[in-house]
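Single-structure report; data block below.
When a residue number appears, it is its place in the shown sequence, counting from 1. Both counts, for ligands and for their atoms, begin at 1 and track the order of listing.
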Amino acid sequence: MRNEKQVKLLAAVVFAILALAAALPFWLNRSNQALLDAAQREGRQQQRLERMLDLLRDAESSERAYVITGKDAFLASSLQARQALAPALQQIKDGSRSGSARVAAWRIARLAELKQAEIDGVIAVRRQDEAAARAMVGAMRGRDHMEELRRLVALETARMAQDRDAGYAGLVADSQRSACMGAAAVLLAAGLLGGLLPILLRMLRVRAQGVRALEARAAQLGAAADLAARRNRELKLIAAMLRAVDAAPSSTAAAPLVGRYAARLMPGLSGSLYLLREDGALRRHAQWGDGPAHPAEMALDACRALRRDTAPDPSPSACHDGCNGAEDELGGRTCLPLVSHEELVGMMVVQGLSSDPRQQEQQERLAQAVAEQLALALGNAKLRESLRRQSVLDPLTGLYNRRHFDETLARELARARRKAAPLSLLVLDIDHFKQVNDRHGHAAGDAVLRTIAQRIRAWGREGDVACRYGGEEFVMLLPECAVEAAAVRADALRRAIESMTASPGGGGPEQVTASIGVAAWPDQGDGADALFWAADKALYRAKQQGRNRVTVAGAEDR
Ligand SMILES: Nc1nc2c(ncn2[C@@H]2O[C@H](COP(=O)(O)OP(=O)(O)OP(=O)(O)O)[C@@H](O)[C@H]2O)c(=O)[nH]1
């Protein structure tokens, strides 16, 4: 700022000096012109004075000739000279400007008039008396006047020459002064410019530094804005992925969605999502990108990322020996254990990381952020699954409970109506189970219930729904199975129970039997209650008829 003021001030001074130097030739030219005008004026004045002397000389010659000859012919030129003299004298008076020149001009003019008057007087006397005229001429008055006139004209001429010389001398002095001033002005301006130059250079340097700093800052801000926009997009995608996982009915159902979001979140990278199975192995449920296919299944101890510590380590780990023992190229991959509430729920493998360390760090940071959020969401999904399972499962046998049966029966009935397909219901009750409890104890009774549940599970087909209805009573729903086929299958189950070892661990009965009542929609019951009622009545009849048998509901059971 201070520099800027200095530069402006110096620039103004330099400008003024240069303007002055530029004005000098004009000023000098004006002096030259004035001198030239004065010289011309004085030259003209000198010509006038000489002409005036010539006229008087002509007039005097004519006068002499007339005095000597008396002939009027000689008076003609005197008359002409006389007529020309008056305007010539007026021009001489007008042609002088300065005070002294004017006085001299007036004196000369006056003397010329006196000379003219003297000539006129001699001519007038000659007309009367020649001798008197000759006497007048002889008196030399006219010659004195002419001498005086010549002297004055010479003086005036000398004065004019002197003035001219003085003017020329002044002009030379002015010219020298002007040259000196011009040179001084140029030197001064050069000096000032010399002083100005370092300041300007410094200012330019400072400005250039400022511009560079601003450019660097702008680049930083641009990069920060880009980064913020990228992070914002990533956060939005992560949030959307988490919402999708939350909305999915199970973690396995969520996995393909995760794969799709991961492909958008980490463009250019490939990867796989593994979920931990109940048997403790990792199973691949999603894969994205164009990278190499990762193993479909992986044992926990095959992964260096997982076996490194006793507890799963959620920090990213670059594999160096490949998964599942397979050879893998070094680097370019990170395996991220998905740990939620200190429990491993799965693993995310990201492949194709950049070889540029900075870019790789960013990719790993993003993969780590995705993995952390995903682990929590998958953990929550598993928790929800577990809660949901617990709410519909019977804790003793692991079969569905009565609540689930009620819901399923209503749903399956609706489906059967839609499809016009049969739906069979089996109600199974263990025979004399009270005696089992009484003889072997309640724990042995529980063991028998679990063994029978296993047998039912083994007997069931895909689509069958087996539930513990309560106590020692089980129900099985057989969609798209007509009553005859259901009766056949029920008898197979009865026989399987009859032939199984009821207490494999010992301490209980060796054998148990069960009675089964069978009913089917729509023949034995149109609604859920009617169908159950019919099957239960058939079971009652089986008990009455001696147990360990299958009874199909008939018209009397409706
Ligand atoms: N150990 C055990 N016993 C149970 C459980 N639920 C019900 N029971 C018993 O099952 C027995 C059912 O007996 P009952 O209803 O008299 O029938 P039953 O002895 O099987 O006779 P029938 O059905 O007529 O063949 C009772 O002794 C109950 O205490 C259970 O969860 N565990």
Any luck finding a side-chain donor-acceptor pair between E385 and S251 under 3.5 Å?
yes

Establish, from distance only, whether the side-chain atoms of R212 and Q209 form a donor-acceptor pair under 3.5 Å.
no

Is [X] in polar range of ligand 1, meaning some N or O pair under 3.5 Å apart?
| X | answer |
| --- | --- |
| I430 | yes |
| F433 | yes |
| Q435 | no |
| R547 | yes |

Please list the nearest protein heavy atom to atom 16 (O) of ligand 1 with its residue and the distance rounded to 0.1 Å.
K434 CD, 4.0 Å

Tell me: protein heavy atom nearest atom 2 (C) of ligand 1, and distance?
H442 NE2, 3.2 Å

Does at least one non-hydrogen atom of R468 fall below 4.0 angstrom from an atom of ligand 1?
yes

Which atoms form the tightest heavy-atom contact between [X] and [Y], and what is the distance?
| X | Y | answer |
| --- | --- | --- |
| L276 | L344 | CD2-O, 3.2 Å |
| A375 | S340 | O-CB, 3.3 Å |
| D431 | A514 | OD2-N, 3.3 Å |

Between E361 and R358, does any side-chain N to carboxylate O distance fall below 4.0 Å?
no

Short N-O contact, R277 and E297, less than 4.0 angstrom:
yes

Are the side chains of V436 and E472 in touch, meaning some heavy atoms are under 4.5 Å apart?
no

Can you list the atoms of ligand 1 that are under 4.0 Å from a heavy atom of [X]?
| X | result |
| --- | --- |
| E472 | 12 (C), 15 (O), 17 (O), 20 (O), 23 (O) |
| K543 | 22 (P), 23 (O), 25 (O) |
| D431 | 25 (O) |
| L449 | 30 (C), 31 (O), 32 (N) |
| G445 | 1 (N) |
| G471 | 6 (N), 7 (C) |

On a heavy-atom basis, I'd like to know which of L539, D446, D429 is closest to atom 32 (N) of ligand 1.
D446

The option among L396, N437, V512, T513 carrying the non-hydrogen atom nearest to atom 1 (N) of ligand 1 is N437

Tell me, with the steps shown, if R495 and E498 meet salt bridge (Lys or Arg N to Asp or Glu O under 4.0 Å).
CA-CA 5 Å; R495 278 186 278 113; E498 182 183 29; over 6 Å; no

Start with the C-alpha distance between F433 and V448, add both sets of side-chain angles, then the distance that settles side chain to side chain contact (heavy atoms under 4.5 Å, CB included), and finish with yes or no.
CA-CA 9 Å; F433 192 61; V448 170; 4.1 Å; yes

